[in-house]
Q: 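Just dropping this structure here.
Lettering follows sequence order; numbering is per chain, from 1.
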2 protein chains.
Amino acid sequence: MTDLDQNTEQLIFRAARKVFTLKGYNGARMQEIADEAGINKALLHYYFRNKDKLFEGVFGDVLKTLFPGLTNILTADLPLFEKIPLFVCQYIDILTNNPEIAGFVLYELRLNPQRLVGNMRDIGIDMNLIRSQIESEVAAGIIRPVKPEHLIANLISMTIFPFIARPVLMSVAGMDEVHYTKFIEERKRIVPETIIQSLKPIQ
Amino acid sequence: MTDLDQNTEQLIFRAARKVFTLKGYNGARMQEIADEAGINKALLHYYFRNKDKLFEGVFGDVLKTLFPGLTNILTADLPLFEKIPLFVCQYIDILTNNPEIAGFVLYELRLNPQRLVGNMRDIGIDMNLIRSQIESEVAAGIIRPVKPEHLIANLISMTIFPFIARPVLMSVAGMDEVHYTKFIEERKRIVPETIIQSLKPIQ
DNA sequence: GTCTATAAACAGATAGAC
DNA sequence: GTCTATCTGTTTATAGAC
């Protein structure tokens, strides 16, 4: 493989990632990907056989952008009240740089949940680890009891949803682009605060 | 118009709603809608001219399922601590009966945000009303100060997201169908509890 | 490796019989 | 109103020249 091969392949891949995440599998056109990459349609098939294979590659790549950080922070050896702000900040930064990938992944997974199967390793969180951390912090009187599924669901929901629902939130709350950007930045503080307040024991 | 006309039209419309919400605009096929309705493809065009017009109808219908309840409860004349559980319960019931519409609407809106334009009346929430309610409850010492955008975002996020992220949540938390159903039912209690705890003034 | 040209399949839409 | 048959444009994919 020459340098040129790799460059073209990467060029195509990046173009494909852009078009697929923006338009979805069904909305994406091989022609548009070729145009975006500045090459010919036939080359897509030369490097990636067909649309499905190209998509699989992109989808796996996007999952890698989205999940490993999640798993690592959530299972790190830190108190919950430190983990949570870390998680939120890192995730909001990732999504600010890739605003469309959350909606893209969740939508494609609903159309075709099997797509998870091949990528399970990157995604699974050790719930028992989180469960035992909760138990020990409850025992120490730091937090109130909470089911790990709900804690994780609350955390992920409040962090990710504003990116998926951007147009609706802007419309419902009457925000423009500038307000929305500020709003997202504020959530780095608001989301951890909301969860931590809800976890504090009643005095 | 005879009875038969109306029946066929409704038959088509329901079939279209099912296929569009399940597959999205780009993934839906006129043939599949016709099959689902048990009629011929040509009839779709007889009743609804083209795919776009049929979709517009369905999309407006889905918005009506999703939004009016939201607006009405959030602007009702009730204390926040009563409004919030009401909102969550009603919304979870709607989404339990229509599990795919939240993801459908948000995705189609991201592909084409202009679709909101024609339906703005159903959707807009009077943020000033909520803002002044927050102010008066803060003044009365019932809640801590909070920006209305963030309160609404937290509420909607935690309520809706678990339906959009169903496959991921099930995978991440290792849930099966039964666990997931129970999990969703539990959220009617957990979500209001989380928000209300986070709003309570520090004693 | 990269291109042009084209095949092959599909999907939306229409014509016209009943 | 409902159907079958068909047209038209689009889209994925391949053949083959360079």
Q: Just by distance, no angles: are the side chains of Gln133(A) and Glu137(A) close enough, under 3.5 Å, to form a donor-acceptor pair?
A: yes
Q: Between P on dA13(D) and NZ on Lys51(A), what's the gap in Å once rounded to a whole number?
A: 8 Å
Q: Determine, for Glu36(A) against Lys18(A), whether the closest basic-nitrogen to carboxylate-oxygen distance falls under 4.0 angstrom.
A: yes
Q: Where the side chain of Thr8(A) is concerned, which of dA11(C), dT4(D), dT2(C) is the nearest nucleotide?
A: dT2(C)
Q: Evaluate the side-chain proximity of Val138(B) to Glu135(B): yes if any heavy-atom separation is below 4.5 Å, no if none is.
A: no
Q: Given atom CE of Met30(A) and atom P of dT6(C), what is their separation to the nearest angstrom?
A: 21 Å
Q: Taking CG from Asn40(A) and P from dT6(C), how many angstroms apart are they, rounded to a whole number?
A: 14 Å
Q: Could you please name the option among dT14(D), dT14(C), dC3(C) that lies closest to any side-chain atom of Arg49(A)?
A: dT14(D)
Q: Quickly work out the Leu44(B) CG to dA11(C) P distance and round it to whole Å.
A: 14 Å
Q: Glu185(A) and side chain to side chain donor-acceptor pair (under 3.5 Å): which partner among Arg187(A), Lys182(A), Lys188(A)?
A: Lys188(A)
Q: What's Ala34(B) touching, base or sugar-phosphate or nothing? Going by heavy atoms closer than 4.0 Å.
A: nothing
Q: Return the value, rounded to whole Å, for the distance between atom OH of Tyr46(B) and atom P of dG16(C).
A: 17 Å
Q: Round to a whole Å and report the spacing from NZ of Lys53(A) to P of dA13(D).
A: 10 Å
Q: From C-beta outward on Asn50(A), which listed nucleotide comes closest to its side chain: dT12(D), dA13(D), dA13(C)?
A: dA13(D)
Q: Of all the choices, dA13(D), dA15(D), dT2(C), which nucleotide is nearest to the side chain of Ala42(A) once you look at every atom?
A: dA15(D)
Q: Between dT14(C), dA13(D), dA11(C), which nucleotide gets closest to the side-chain atoms of Arg29(B)?
A: dA11(C)
Q: Can you find a side-chain donor-acceptor pair between Arg166(B) and Ser171(B) that sits under 3.5 Å?
A: no
Q: Can you check the His45(B) NE2 to dT2(D) P distance for me, whole Å?
A: 16 Å
Q: If you only use heavy atoms from C-beta on, which nucleotide in dA13(D), dA11(C), dT2(D) is closest to the side chain of Leu43(B)?
A: dT2(D)
